[in-house]
Amino acid sequence: MTPTVSVLGITFVIIWAASFLFAMLGLGGGMVYVPVMKWLGFDLKTIAIPLGLLLNGLNTGLAMIPYHKAKLIDYKGALPFALAAIIGAPFGVYTVQFIPTRIVLILFIIAVLIAAAKVFISTKAPDEDNLIEFKKRLIYGGASGLLIGFIGGMLGIGGGFLAAPILMSMGYGAKRAAATTAYVVTFSSASGFLGHVAEGHFDITTTAVLVVAVLLGSQLGARFTVKRAKPKTIKTIYAIILLLIAVKLTLGLFGIRFR
């Protein structure tokens, strides 16, 4: 059923704003898209989740256009990262049945807080590419991609928000880390979307309107990062988002949910 014009308009504005912000960081925004669509009355399983995955991958894929033109994406160095993330997800889905979810969440929250602290600390350091050796990047990136895919599959959330801090720890500057994260996230989002597409019942009007919102938001957000955003600003936003994710997961441990 097609939502009312007012609901669709509100959703458009929220999705556009989220796309702008997350495209700045090389992220898809699925962690916002899905709950927002659920709050506004869209069915979770048949519309919100599959459409959220589509918009997530579309946002990062479109953001790659200005990042590519600015030559900020490390395609070769991050390929093992991207492929490993796809491989790790099914193992996470399988493993979750053997590990108490509460323990997994506690460990994950600790990891997110550590990542946030590292990003905050890095805001005081000069922002420039100081990459580790290519072979080490391949090994470290591959192992990190497996872990991120594994965690994402196990918890049912995207692991893209951890990719940028990991890339920064490998010597990528903030802008190059954001651009390369978009590349990595596009792979994993496409994989997740294809896994759900058979069950998705997309309303053509809703899908078209939200795709336009993502198109506009992703281009403005990525271009802002390329031309205007300061590295310190990018890192600060990353750290804040990591802290918000940690808070949300912590509240989830106590049964406090927002959808």
Side-chain angles (χ1 to χ4, degrees), residues 22 25-31 33-34 49-50 52-61 64 73-116 118-119 132 134-172 177-199 238 241-242 245-246 248-249 252:
F22 283 97
L25 306 175
L27 302 176
M31 66 181 75
Y33 302 149
V34 174
I49 290 178
L53 285 167
L54 172 63
L55 298 178
N56 196 77
L58 185 63
N59 193 35
T60 53
M64 284 176 62
I73 303 174
D74 182 10
Y75 290 103
K76 186 176 180 180
L79 182 59
F81 200 136
L83 296 178
I86 297 174
I87 295 172
F91 289 98
V93 173
Y94 176 75
T95 304
V96 71
Q97 61 184 311
F98 303 110
I99 303 176
T101 303
R102 190 176 185 84
I103 293 177
V104 174
L105 284 174
I106 290 173
L107 294 174
F108 188 62
I109 290 168
I110 292 172
V112 170
L113 289 174
I114 291 173
K118 287 185 175 180
V119 175
I132 60 177
F134 182 72
K135 289 184 179 180
K136 290 183 179 179
R137 255 183 9 251
L138 295 182
I139 296 172
Y140 187 19
S144 299
L146 281 173
L147 179 61
I148 286 178
F150 182 83
I151 290 173
M154 189 158 48
L155 299 180
I157 60 177
F161 58 88
L162 287 176
I166 289 175
L167 289 171
M168 289 179 193
S169 72
M170 293 166 62
Y172 288 83
T180 305
T181 296
Y183 168 55
V184 172
V185 172
T186 299
F187 271 79
S188 58
S189 295
S191 176
F193 172 68
L194 291 175
H196 286 82
V197 68
E199 299 178 2
Y238 265 126
I241 287 178
L242 289 171
I245 291 170
K248 182 178 184 300
L249 292 175

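Each residue takes its place number in the sequence, starting with 1.
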dist I132:CD1 -> Y172:OH (nearest 0.5 Å) comes out at 8.0 Å

So do the side chains of F81 and L167 get within less than 4.5 Å of each other, counting heavy atoms only? yes

Nearest heavy-atom contact between A177 and A164 is CB-O, 4.1 Å

Contacts satisfying salt bridge (Lys or Arg N to Asp or Glu O under 4.0 Å) that involve residues 73-83 (not counting sequence neighbours) are D74-R137

Sub-4.5 Å side-chain heavy-atom contact between I241 and F22 = yes

Practice prompt. Measure from the side-chain N and O atoms of S169 to the backbone N and O of I166, and report whether any donor-acceptor pair falls under 3.5 Å.
Written response: yes

- Heavy-atom distance under 4.5 Å between the side chains of L25 and T181, does that happen here? no

Nearest heavy-atom approach of L113 to A246 is CD2-CB, 3.7 Å

Residue set satisfying side chain to side chain contact (heavy atoms under 4.5 Å, CB included) with A182, at least two apart, ordered chain then number -> T60, M64, Y67

Scanning both residues in full, the closest heavy-atom pair of V185 with G26 reads CG2-O, 4.0 Å

Closest non-hydrogen contact found for L138 with P80 is CD2-CG, 3.4 Å

Residues passing the ring pair (Phe, Tyr, Trp, His ring centres under 6.0 Å) test with Y75, sequence neighbours excluded, are H68, Y183

